[in-house]
Amino acid sequence: MTHRTHTHDSLRDADDAAVTRRERFGHLPERIRPEDAVETRPATRPDPARDTYHADEWLIRYCG
């Protein structure tokens with residue numbers, strides 16, 4: 001059995017694929033300004049209850 005490919009058909013398929021690729025990826029996405037890529041939040045005061053030492057914290061964190 002011999003498999004023959006038609007050069008004309010394969011060229012047309014390649015051209016169609018190239019057109020499809022160019023339509024999908026032929027332009028760059030919209031530019032994002034650096035000001036829009038940064039989020040700023042006001043600083044908050046430290047919470048003393050959050051930073052207190054808890055002797056069993058390791059047990060709660062890793063085993064609980």
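As the structure is a prediction and not an experimental result, all values here were calculated from the model.
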Please tabulate, for side-chain N and O atoms in residues 19-28, each donor-acceptor pair with protein atoms closer than 3.5 Å (sequence neighbours left out).
| unit_1 | atom_1 | unit_2 | atom_2 | d |
| --- | --- | --- | --- | --- |
| T20 | OG1 | D16 | O | 2.9 |

Test of understanding: with side chain to side chain donor-acceptor pair (under 3.5 Å), list the residues that count as partners of D36, not counting sequence neighbours. R33

For R41, the side chain to side chain donor-acceptor pair (under 3.5 Å) test, sequence neighbours excluded, returns E39

